[in-house]
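Working notes, beginning with the structure itself.
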Amino acid sequence: MRVRRSEITTTGSRDVLAAAGNELPRLASRAVVFLWSSRLAAAAAGFLTQILLARALGLAEYGAFAAALALVSFLLPLAGFGVPAYWLRAFGKGLAEGRRSVRSGFTILLISSVAICGVAILLALILKMPLPSRVPALVLAALVPSQAILSAAGAVFQLQASFVALAWCVAFPYMLRLVVAGGALAWGAAPIWVAAGYAATALALGVAYLPSALRIRKVDCSTQGMVAVQSSPPRPDTSWTPAQMAGRVWPFALSGFFYAAYFQGSVTLLSLVSGQEAAGVYSASLSVLSLGYLLPAVVFQQVLLPYLNRWLEHDRDRLIRTFDASIDVMSAASLGFAGIVAGLGPNLLPKLFGAGFASAGPLLVALALCFPVRFLSSVAESALLTEDDMRRRVWCQGFAALFGVSLLLLFAPHYGVWGALAAILGSELCVLASYAFVVHRYAMGGGILLIRFRWRTLLAILLVALVVAANLIAGQHLAVGVGSAALAMGVSVALLLTSPAMGRLR
């Protein structure tokens, strides 16, 4: 596999890259462990929040609130219009390139926050949502400006390799929502009051993290852990105008938007076509699935993303090695998550959420098929970083969103949550297939394979299918669930420990 190494234009850039490269193994290992544990804690808080809300509100009202929150969550990736993600890309090219985008980036952050707030309110009014969902959705629109500020602050923490601050930035919203859910259970609050608590905590976090977001103006390579390449500072007249900046960042905005469209938006659509109870069951299952999705999100979107952008410009050999090794690692890790969710999830779900959610067990087992698909899709995204590749990602995700919505509208009215399952699984497979084509055809000059059919990768995917099939046939049998989960975890750990990919990553 041949990929031409990008030229490094200055000796200073090479020195910075060498120093950062020598520091990366120690930094990355600590960062992954810390961020993964902190994200698990945040996910546990989010999961417990869902449990408390389900018990406080009941199945119907929980479904109504979940539909309202999903409507706003569907729009949240557009809050900053992709500016924080583009800042990581721009600073990966060099300090001067990054600083050109700062002033116009803040302008777009402000405009997009106001506009998306208006869109959220408008959709809540025109979609003819039931009143228990419509009013909370109007209140939850306040989450939009807070999300824009938190995303900008997170980009600053990533550029400075301030992973402790990044972890708190990610965890605080979940922790405060847990407090709100606890209050709802204690005082028997209605969905509107839960929405008001969410909105109040979000606005407080936005105010608290605004100074951190503004620090992007002073980021430089003297900061410990800084991953941008040093270069001469830009002249004031070379800064991007807001119009030029918008033309560069829109693929980064729509990429996150389409992800939310085919993942979160399905809850809102399901509530409209199949009712609030179906939405509640489906939302509870997705919340479990989201716990496993945290691993590739932490590895590729939080720890490695600034380095991947830098390697794309200055050390493509290292980027290729990381991409290649990640295939084995992610496929093996997905087996462990699928085994736990499919084997233990159906028995734990009604105990945690309540007896009314027992019908979600078979659905949760089938959703475990999404793990290897999503993990490998995350690997593919690590190679699609340039502006042109981001546009191709948007097309892939847009087509997948359209495909998923079509499946949901076609099957959900007749098959309920199983129609939604077909939609989410179809969307995930569509994203992976289209990413495979784009990576092989275009990424870094082409010639890269998304999945090398090594026996380890094939074994992990095959065992995921067998674990899911065994638990569906057994019908939530505890012995089968525990046995299949133990088998999947054992094989997953063995594949990770013996894989040559771990050595290549180091």
Side-chain angles (χ1 to χ4, degrees), residues 35 73-95 97-113 116 144-163 166 169-170 209 212-217 219 227-228 240 242 244-261 263 293 296-313 319 377-378 380-398 431 435 443:
L35 278 175
S73 299
F74 166 79
L75 296 170
L76 282 182
L78 292 177
F81 205 67
V83 170
Y86 181 78
W87 278 338
L88 297 179
R89 173 72 184 134
F91 278 96
K93 293 180 179 180
L95 188 60
E97 184 69 20
R99 288 186 172 175
R100 296 182 69 184
S101 62
V102 170
R103 180 180 299 178
S104 56
F106 277 115
T107 302
I108 293 176
L109 276 172
L110 175 61
I111 295 174
S112 63
S113 297
I116 300 305
V144 174
S146 174
Q147 179 62 34
I149 295 173
L150 290 176
S151 299
V156 174
F157 297 145
Q158 285 180 275
L159 287 171
Q160 295 178 330
S162 301
F163 294 116
L166 177 62
C169 181
V170 172
Y209 274 98
S212 297
L214 294 175
R215 286 216 313 268
I216 191 73
R217 299 175 298 181
V219 162
V227 299
W240 301 115
Q244 291 173 324
M245 186 69 175
R248 288 174 171 268
V249 302
W250 71 262
F252 296 84
L254 292 183
S255 177
F257 170 74
F258 283 126
Y259 164 78
F263 192 75
Y293 282 5
V298 166
V299 172
F300 295 108
Q301 297 301 320
Q302 292 190 345
V303 176
L304 286 182
L305 185 57
Y307 296 98
L308 294 174
N309 278 294
R310 191 193 69 225
W311 294 338
L312 178 65
E313 298 296 326
L319 179 61
S377 295
S378 299
E381 285 186 348
S382 69
L384 299 175
L385 299 170
T386 68
E387 286 80 352
D388 289 339
D389 286 339
M390 287 297 299
R391 293 185 180 92
R392 297 182 182 107
R393 279 174 60 176
V394 168
W395 283 108
C396 293
Q397 293 187 348
V431 167
Y435 278 176

Legend entry - Smallest separation among heavy atoms of A246 and F81, with atom names: O-CE2, 4.2 Å
Inset, instruction - Check side chain to side chain contact (heavy atoms under 4.5 Å, CB included) between R215 and all other residues, then give those that pass, not counting sequence neighbours. - result: V156, F157, Q160, S212
Inset, instruction - Quick one: pull up CZ in R391 and CG in L254 and give me the separation to the nearest 0.5 Å. - result: 11.0 Å
Legend entry - Value rounded to 0.5 Å, distance of CD in Q397 from CD in E381: 6.0 Å
Legend entry - Contact summary for L78 and S112, nearest pair of heavy atoms: O-CB, 3.8 Å
Inset, instruction - Taking all heavy atoms of S101 and all of G98, pick out the closest pair and write down the distance. - result: OG-O, 2.7 Å
Inset, instruction - Output the distance between atom OG (S377) and atom CG (L384), rounded to the nearest 0.5 Å. - result: 10.5 Å
Inset, instruction - Output the distance between atom CG (L150) and atom OH (Y209), rounded to the nearest 0.5 Å. - result: 7.5 Å
Legend entry - Between Q158 and Y307: side-chain donor-acceptor atoms closer than 3.5 Å: no
Inset, instruction - Work out which heavy atom in G80 is nearest to a heavy atom in P84; give both atom names and the distance. - result: O-CD, 4.1 Å
Legend entry - Backbone N/O of G247 and side chain of W250: donor-acceptor pair under 3.5 Å: yes
Legend entry - L159 and L88, any side-chain heavy atoms less than 4.5 Å apart: yes
Legend entry - Which atom of S382 lies closest to which atom of L385, heavy atoms considered: O-CD1, 3.5 Å
Inset, instruction - Report the distance from atom CZ of R103 to atom CD1 of I108, rounding to the nearest 0.5 Å. - result: 13.5 Å
Inset, instruction - Quick one: pull up CZ in R89 and CG in L312 and give me the separation to the nearest 0.5 Å. - result: 5.0 Å
Inset, instruction - Would you sort out whether R392 and Y435 count as a side-chain contact (heavy atoms from CB on, under 4.5 Å), showing the intermediate values? - result: CA-CA 9 Å; R392 297 182 182 107; Y435 278 176; over 6 Å; no
Inset, instruction - Answer with yes or no after comparing the ring centroid distance for F106 and W87 against a 6.0 Å cut-off, counting only values under it. - result: yes
Inset, instruction - Applying side-chain contact (heavy atoms from CB on, under 4.5 Å), run through V144 and L75 and close with a yes or a no. - result: CA-CA 8 Å; V144 174; L75 296 170; 5.5 Å; no
Legend entry - Side-chain donor-acceptor pair present, S151, Q147, cut-off under 3.5 Å: yes
Inset, instruction - Search all heavy atoms of M245 against all heavy atoms of G105 and return the closest pair with its distance. - result: CE-CA, 4.1 Å
